[in-house]
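The structure appears right after this line, and notes come after that.
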Amino acid sequence: MPKPNMLLHNVSLKPYNTFGINVNALLFMEIDNNTTLEEVLYSKQYPDPLIIGGGSNILFTKDVERLVIHLNTKGIEILSKTPNHAKVKVQAGEVWHDFVCWAIAHDLGGIENLSLIPGNVGTAPIQNIGAYGVELKDVFVSCQALDLKENRQVTFKKEDCSFGYRDSVFKRNKGRYIITSVILKLTTKDHYKNISYGAIQSKLREKGINDPSIQQISNAVISIRQSKLPDPKILGNGGSFFKNPVVSMNQFRDLQEQYPDMPHYSFGENQIKIPAGWLIEQCGYKGKRFQEVGVHKNQALVLVNYGNAKGEQLWELAQKIQKSVQNKFNIYIEPEVNIY
Ligand SMILES: Cc1cc2nc3c(=O)[nH]c(=O)nc-3n(C[C@H](O)[C@H](O)[C@H](O)COP(=O)(O)OP(=O)(O)OC[C@H]3O[C@@H](n4cnc5c(N)ncnc54)[C@H](O)[C@@H]3O)c2cc1C
């Protein structure tokens with residue numbers, strides 16, 4: 001572990017990204033407090049700094065010729081409690097899954113379906129993390145951020161964030177807002193338990209559980225995720241590489257004539273979401289390996305590094321997949337992963 005709050009030169013980012021790509025940061029700082037973070041960012045001494053959290057949504061395709069800040073600020077505080085809810089403030093550098101475990105241990109509900117999502121709490125609002133029928137926005141109250149354009153602190157309430165599917169105001173203004181803490185509203189009793197997903201229901205049935213606790217839902221989610229997704233510690237990956245595309249009802253009807261088995265979900269009023277994994281699988285990529293890179297055998301949305309891949313090789317594969325999907329279905333699949 002590098003010493004916190006010290007400027008280092010030429011640091012390998014391999015331990016800081018879940019793809020395990022070995023690129024160097026020209027300058028690197030691990031920051032563990034908000035005062036230092038403000039000083040460094042407001043000084044404007046380092047143009048266009050890159051903030052990283054868990055590095056689970058980043059693909060590095062080359063060395064980073066600027067300052068990389070690994071945000072490691074810690075702290076969880078219960079701000080208020082009513083008979084039904086608690087407001088909890090969490091510092092950006094807390095690991096998301098550790099926070100989920102903390103919440104469950106304190107019998108605070110609402111994020112158990114988001115168990116085991118890699119990354120940090122401060123990054124969770126950026127793509128409005130979601131899984132198994134729950135999104136961050138469902139429990140989000142507000143967050144504090146540093147606005148690097150105006151050099152000031154700003155508070156974003158939920159309505160300011162324009163949360164969407166893997167989307168937010170922060171994603172659309174990349175590099176401008178650095179989130180320093182997040183406030184969430186969690187349930188203290190009468191937890192609303194979302195077990196609508198078939199996979200969760202089957203897992204609970206398997207265990208003979210009818211009325212699950214939030215801990216049991218979390219256990220079910222962890223077990224499903226571990227059986228479906230590769231562990232980045234064993235096989236480098238960034239989770240879903242692409243977002244599921246959304247098409248118009250008209251385009252979907254045309255596609256359905258050609259591909260009657262195409263899986264789909266309604267999205268908003270007149271739109272349809274199609275699983276990108278299915279599209280990629282139809283193009284023949286599932287389980288395919290190309291030297292050091294490939295497409296995971298169980299989940300075609302996940303691109304993997306077999307050990308010594310370069311970021312450009314993964315990005316080339318991603319672009320090849322994009323082209324194949326475009327040619328076969330006339331659908332553009334947008335990367336969910338941030339490419340640098
Ligand atoms: C195996 C696996 C499974 C996954 N499953 C899911 C899933 O089920 N659902 C889901 O939604 N996502 C999933 N993801 C994606 C990922 O976990 C989330 O996007 C997560 O929120 C990324 O957090 P991070 O801290 O690792 O972000 P990083 O990769 O460190 O950063 C992502 C982006 O945010 C910026 N950034 C980082 N910290 C800050 C900050 N404090 N303020 C402003 N900008 C910042 C970075 O510069 C970068 O552009 C998965 C990833 C993996 C590897």
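Every number for a ligand or one of its atoms is a count from 1 in the order of the listing. Predicted, not measured: the structure shown is a model, and the values here were computed from it.
Any N or O atom pair closer than 3.5 Å counts here, and Pro232 shares no such pair with ligand 1. Taking any N or O of Ala124, backbone or side chain, none lies under 3.5 Å from an N or O belonging to ligand 1. Between Leu50 and ligand 1, no N or O atom pair is found at a separation short of 3.5 Å.
Under a hydrophobic clustering in which Ile, Leu, Val, Met, Phe, Trp and Tyr are joined whenever their side-chain heavy atoms come within less than 4.5 Å, directly or via other members, Leu67 and Leu13 fall into different clusters. Grouping the Ile, Leu, Val, Met, Phe, Trp and Tyr side chains by contacts below 4.5 angstrom, directly or via other members, places Ile280 with Met262. If you chain together hydrophobic residues whose side chains sit under 4.5 Å apart, Trp315 and Tyr332 never meet in one group. With hydrophobic clusters built from ILVMFWY side chains whose heavy atoms lie under 4.5 angstrom apart, Val182 does not share a cluster with Ile52. The hydrophobic clustering, which links ILVMFWY residues whose side-chain heavy atoms are closer than 4.5 Å, places Ile217 and Leu186 apart.
Closest protein heavy atom to atom 6 (C) of ligand 1: Arg225 NH2, 3.6 Å. Looking from atom 48 (C) of ligand 1 to the surrounding protein, the closest heavy atom is Tyr340 OH, 3.6 Å. Atom 33 (C) of ligand 1 has its closest protein heavy atom at Asn338 ND2, 3.4 Å. Protein heavy atom closest to atom 27 (O) of ligand 1, with residue, atom name and distance, is Thr123 CG2, 3.2 Å. For atom 13 (C) of ligand 1, the closest heavy atom belonging to the protein is Ile117 CG2, 3.8 Å. In this structure, the protein non-hydrogen atom closest to atom 18 (C) of ligand 1 is Gln127 NE2, 3.5 Å. Atom 20 (C) of ligand 1 has as its closest protein heavy atom Pro118 O, 3.5 Å. Nearest protein heavy-atom neighbour of atom 28 (P) of ligand 1: Gly55 N, 3.6 Å.
Within the 4.0 Å heavy-atom cutoff, Arg166 counts among the residues contacting ligand 1. Every heavy atom of Phe170 sits 4.0 Å or more from the atoms of ligand 1. Ligand 1 lies within reach of Tyr177, whose nearest heavy atom is under 4.0 Å from it.
Note that CZ of Phe252 and OG of Ser266 are 10.0 Å apart. Values are rounded to the nearest 0.5 Å.
Annotation: cation-pi geometry satisfied between Lys273 and Tyr165 (NZ/CZ under 6.0 angstrom from ring centroid, within 45° of ring axis). Judged by the 6.0 Å distance and 45° axis criteria, Lys310 is not positioned over the aromatic ring of Phe60. For the pair Arg66 and Tyr46, the NZ or CZ position fails the cation-pi test of under 6.0 Å to the six-membered ring centre and within 45 degrees of the ring normal.
The aromatic rings of Phe329 and Trp278 sit tilted, their planes meeting at an angle between 30° and 60°. Note on ring orientation: taking the six-membered ring where Trp is involved, the planes of Tyr16 and Phe28 are tilted (angle from 30° to 60°). Phe99 and Trp96 have perpendicular rings, their planes meeting at more than 60° on a 0 to 90° scale where under 30° would count as parallel.
The atoms of ligand 1 that sit less than 4.0 Å from any heavy atom of Asn120 are 23 (O), 24 (P), 25 (O). Taking every heavy atom of Gly119 and a limit of under 4.0 angstrom, the matching atoms of ligand 1 come to 23 (O), 24 (P), 25 (O), 26 (O). Residue contact check: Ile129 has heavy atoms under 4.0 Å from atoms 11 (O), 18 (C), 21 (O) of ligand 1. Ligand 1 places these atoms under 4.0 Å from at least one heavy atom of Thr18: 53 (C). Less than 4.0 angstrom separates some heavy atom of Leu71 from each of these atoms of ligand 1: 41 (N). Remark: ligand 1 atoms within the under-4.0 Å shell around heavy atoms of Asn237 are 1 (C), 53 (C). Below 4.0 Å from some heavy atom of Ile51 lie the following atoms of ligand 1, by number and element: 35 (C), 36 (N), 37 (C), 38 (N), 39 (C), 46 (C), 47 (O).
One side chain, Thr155 or Gln144, offers a donor N or O that lies under 3.5 Å from an acceptor on the other.
Contact annotation: for Ile126 versus ligand 1, heavy atoms closer than 4.0 Å belong to the side chain alone. Contacts of Tyr132 with ligand 1, taken as heavy-atom pairs under 4.0 Å, are absent altogether. If you look at Asn57 next to ligand 1, the close heavy atoms, those under 4.0 Å, come from the backbone and the side chain alike. When heavy-atom distances to ligand 1 are checked against a 4.0 Å cut-off, Leu114 has no atom that comes that close, whether in backbone or side chain.
For the side-chain hydrogen bond (donor to acceptor under 3.5 Å, both in side chains) test with Gln91, the passing option among Asn34, Thr180, Asn33, Asp32 is Asn34; the others fail.
Comparing Ser56, Gly130, Gly239 against atom 7 (C) of ligand 1, the shortest heavy-atom distance belongs to Gly130. Among Leu148, Val68, Ile179, the residue whose heavy atom sits closest to atom 42 (N) of ligand 1 is Ile179.
Phe163 and Phe140 have their aromatic ring centers within a separation under 6.0 angstrom.
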Quiz item: Would Ile76 and Glu94 satisfy side-chain contact (heavy atoms from CB on, under 4.5 Å), going step by step from the backbone distance to the final call?
Solution: CA-CA 8 Å; Ile76 304 175; Glu94 287 285 349; 3.9 Å; yes
